[in-house]
Each structure stands twice: as structure tokens, then as C-alpha cells.
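What you see below is based on every heavy atom in this structure, not just the backbone, and it leaves out hydrogens, waters and symmetry mates.
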Amino acid sequence: DTKGMFVLDAFGQLYIGTKVRGMFHHSSFTRGHCVRVAGVLTVKEGKLTMLAPHSGHYQPSQQQVDAMLEDWKWKGVDFSQVELRSYFK
């Protein structure tokens, strides 16, 4: 399994990468500018297996998360085998 972080920016651009503690975080993708959703994900054998809108800096609303998921479903992402975790503090 490959774990990473993601950011969906205000323009709909998706960024995915690996967090480097103290050097590269969610905010690094957009240099601190506005984003729609940020979180963590896991990919196994090229397939998304876990998605969680969890970020210490960005805290998306449920509405923002739902909109992102609906957009990705419309674009063909199959969530039937994906563990969707909710944001928690």
C-alpha cells in the first residue's frame, strides 16, 4: 500500500504526494492558497483503497467533500471498494 496526501485546489486541480514532516505538507502544493478539500489517501496496485479528508491545516466542510466525491464519480472513479473516512479532530 502507498500512503499519501492530496489537495484539490480552488480551480479543481488535484495534487497528490508524500508528506515530508517539517518540509512538505498539504499547504505546500498551493503555497498556502485556498483549496476545496485536502486529506490523505491510500493506493494499492494502482487503485484507490482509502480516502479521508483529514488535514491539520485545511478543514473542509461535509458539503465540499460531498461535491468532490460526486465530481470524481461523474469522472469515473469507482468508490465501491474504497474506505471513505470522515474528518475527525
Checklist entry - Which pair of heavy atoms, one from P60 and one from R36, lies closest together, and at what distance? => result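 Answer, listing the atom of P60 first, then R36: CB-O, 3.8 Å.
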
Next on the checklist: Show the nearest heavy-atom pair for residues P53 and R85, with the distance to one decimal.
Outcome noted: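 Smallest heavy-atom distance, with atoms named: CD-O, 3.0 Å.
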
Item to check | Results of side chain to side chain contact (heavy atoms under 4.5 Å, CB included) for T42 - residues two or more places apart only | outcome: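 T42: side chain to side chain contact (heavy atoms under 4.5 Å, CB included) contacts with D1, K3, T49, M50.
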
Item to check | Residues L69, L84; criterion side chain to side chain contact (heavy atoms under 4.5 Å, CB included); working and verdict | outcome: CA-CA 10 Å; L69 294 176; L84 296 173; 4.3 Å; yes

Next on the checklist: Using the rule given for side chain to side chain contact (heavy atoms under 4.5 Å, CB included), can you reason through V37 versus F6, listing the C-alpha separation, both sets of side-chain angles and the distance that settles it, and then say yes or no?
Outcome noted: CA-CA 8 Å; V37 181; F6 75 92; 3.9 Å; yes

Checklist entry - What distance separates Q62 CD from Q64 CD, expressed to the nearest 0.5 Å? => result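 Answer for the CD-CD pair, Q62 versus Q64, is 10.0 Å.
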
Next on the checklist: Between L14 and V7, is there a side-chain heavy-atom distance shorter than 4.5 Å?
Outcome noted: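 They are not in side-chain contact.
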
Checklist entry - Are L51 and M68 close enough, and set up right, to give a side chain to side chain contact (heavy atoms under 4.5 Å, CB included), and what steps lead you there? => result CA-CA 12 Å; L51 182 73; M68 179 191 73; 3.9 Å; yes

